[in-house]
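Please read the structure below before turning to the comments.
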Amino acid sequence: MAALLSRPFFISLHVPYRQGWAQDLVNTFRFQPVAVRETPWVRQLALCRGCAVFLLNERLNPAPARDPSCEFLYDVDPRPTLGTASNVCFEVDDVPGLCRQLQSRGCSVPVPPTEVRDESGSVTYGVVSSIVGNISHTLLDRSRYRGPFLPGFQPIRGAFSATEDGIEITHFDHITYVCRRGGTRAALDWYQRCFGFRRFLLNPQERLDKGYVLGGQGTGMLLLALQSAQGALGHGCKLVLAESLSSDGTNQVDTFLEQHGGAGIQHVGLCTTDIVTTTRTLQQLGARFFTPPVTYYSQDGKAEEIQGAGQDPHTLAELGILLDTTASRDKGTDAAESPSQEYLMQIFTHPIFAEETFFLELIDRRGASGFGEGNIRALWKAVQIYMDQQQ
Ligand SMILES: O=C(O)C(=O)Cc1ccc(O)cc1
């Protein structure tokens with residue numbers, strides 16, 4: 001029996017010491033610090049917005065010995081020389097059973113099932129390595145724990161009130177991986193076989209055997225999408241796998257591989273219920289977003305498409321928000337044309353670390369559970385323009 005995985009409980013970021021990323025997530029994106037674990041060697045800070053939790057990990061001092069206080073709890077150390085998002089934690093019922101099953105399928109389990117407890121109860125976790133780059137998955141059973149976060153962490157109270165500050169972020173919508181060339185199929189098979197994820201079509205144009213190919217052969221990228229078995233209920237996890245098809249190595253996927261030093265998590269989609277207000281507030285706080293090419297809003301029928309969806313083309317153009325009505329509702333692998341009132345809106349931040357690697361996305365789904373072909377093309381072009389300007 002494959003595991004039934006729900007939305008990630010947390011996504012772990014590992015950052016070099018004193019680079020200020022925690023401050024950025026708190027001051028610019030208004031993630032709230034909820035719990036901290038600090039030893040002389042490591043600092044782990046849980047930052048939360050709605051149900052989206054980032055665990056920000058910093059090594060303060062080189063580990064002198066194999067002692068638990070030198071290690072990151074609920075994770076493995078990817079030993080980064082640069083910022084990286086490397087762990088996605090899923091809550092599961094039976095950690096020992098799932099770890100045994102994964103091991104019998106040939107998976108590496110760097111942290112075997114381990115119990116951690118404090119006065120509020122106990123949790124069991126294990127960590128399994130993904131076959132994609134530096135990614136690992138923490139499998140966690142919190143059912144016996146009553147504390148606010150996890151044992152080993154101290155709660156932080158009253159940092160600021162996250163209510164009614166104009167930022168409506170509810171949960172992680174999807175996680176997009178960049179795979180090495182030729183690696184997406186193997187990643188697809190691994191997540192299907194080991195975690196019971198199911199393939200879904202990004203939009204009605206995608207062919208099941210080919211995947212979604214963006215741009216011409218030799219220039220673009222290949223995308224494949226998966227969702228966890230609970231995805232159909234709207235509480236699962238969506239994964240998007242991207243691979244470069246370019247022959248000259250100058251696109252955003254190749255740039256990620258080069259600057260990240262291999263495959264890994266490229267971006268995380270944060271679900272919002274009000275993308276216009278949230279984007280405006282975040283821009284005022286200093287967040288920087290990719291602006292789509294000017295031709296995006298003037299292309300044939302775009303203004304009508306936006307108006308038909310009940311949105312204002314001027315507002316979306318002013319903020320740089322993309323809107324797409326081609327993203328299909330979840331119909332498994334037999335996606336059909338979706339009614340026009342279903343649509344989604346997206347906007348992508350600039351990379352949040354010093355390198356052109358990891359970024360965030362805001363996504364506002366209005367009935368559409370796929371991904372917008374026009375939006376992905378627009379992001380692709382916007383990033384190409386930005387990268388050309390950086391050179
Ligand atoms: O639209 C999304 O959120 C995706 O996840 C698709 C995607 C994948 C890779 C890119 O470099 C850009 C867009």
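The model shown is predicted, which means the values in this text are computed figures rather than measured ones. Just follow the structure's listing: the first ligand is 1, and inside any ligand the first atom is 1.
Under a 4.0 Å criterion applied to the non-hydrogen atoms of L379, ligand 1 contributes the atoms 12 (C), 13 (C). For ligand 1 and Q266, the ligand atoms under 4.0 Å from any heavy atom of the residue are 9 (C), 10 (C), 11 (O). Interface atoms of ligand 1 facing E361, defined by a heavy-atom separation under 4.0 Å, are 2 (C), 3 (O). Of all the atoms in ligand 1, the ones that sit under 4.0 Å from a non-hydrogen atom of Q346 are 1 (O), 2 (C), 3 (O). Residue F371 has at least one heavy-atom neighbour below 4.0 Å for each of these atoms of ligand 1: 1 (O), 2 (C), 3 (O).
Using a 4.0 Å cut-off between a side-chain N of Lys or Arg and a carboxylate O of Asp or Glu, R142 and E91 qualify as a salt bridge. In this structure, R49 pairs ionically with D165, as a charged nitrogen and a carboxylate oxygen lie closer than 4.0 Å. A salt bridge is absent between E119 and R146; no separation between the charged side-chain nitrogens and carboxylate oxygens falls under 4.0 Å.
Protein heavy atom nearest atom 11 (O) of ligand 1, with residue, atom name and distance: Q252 OE1, 2.5 Å. Counting only heavy atoms of the protein, atom 5 (O) of ligand 1 lies nearest to T176 OG1, 2.7 Å. In terms of protein heavy atoms, atom 7 (C) of ligand 1 is closest to H267 CE1, 4.0 Å.
Residue L223 touches ligand 1 through its side chain alone, judged by heavy-atom distances below 4.0 Å.
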- request: Kindly determine whether D24 and F31 satisfy side chain to side chain contact (heavy atoms under 4.5 Å, CB included), including the steps that lead there.
  value: CA-CA 9 Å; D24 278 2; F31 272 76; over 6 Å; no

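A side chain to side chain donor-acceptor pair (under 3.5 Å) with K302 holds for exactly one of E304, E305, Q299; it is E305.
Hydrophobic clustering keeps V34 apart from V36 (ILVMFWY residues linked when any side-chain heavy atoms are closer than 4.5 Å, directly or through intermediates).
Contact between I376 and ligand 1 is present, with at least one heavy atom of the residue lying under 4.0 Å from the ligand.
For the residue pair H137 / S130, no side-chain donor-acceptor distance below 3.5 Å is found, with atom types taken as modelled.
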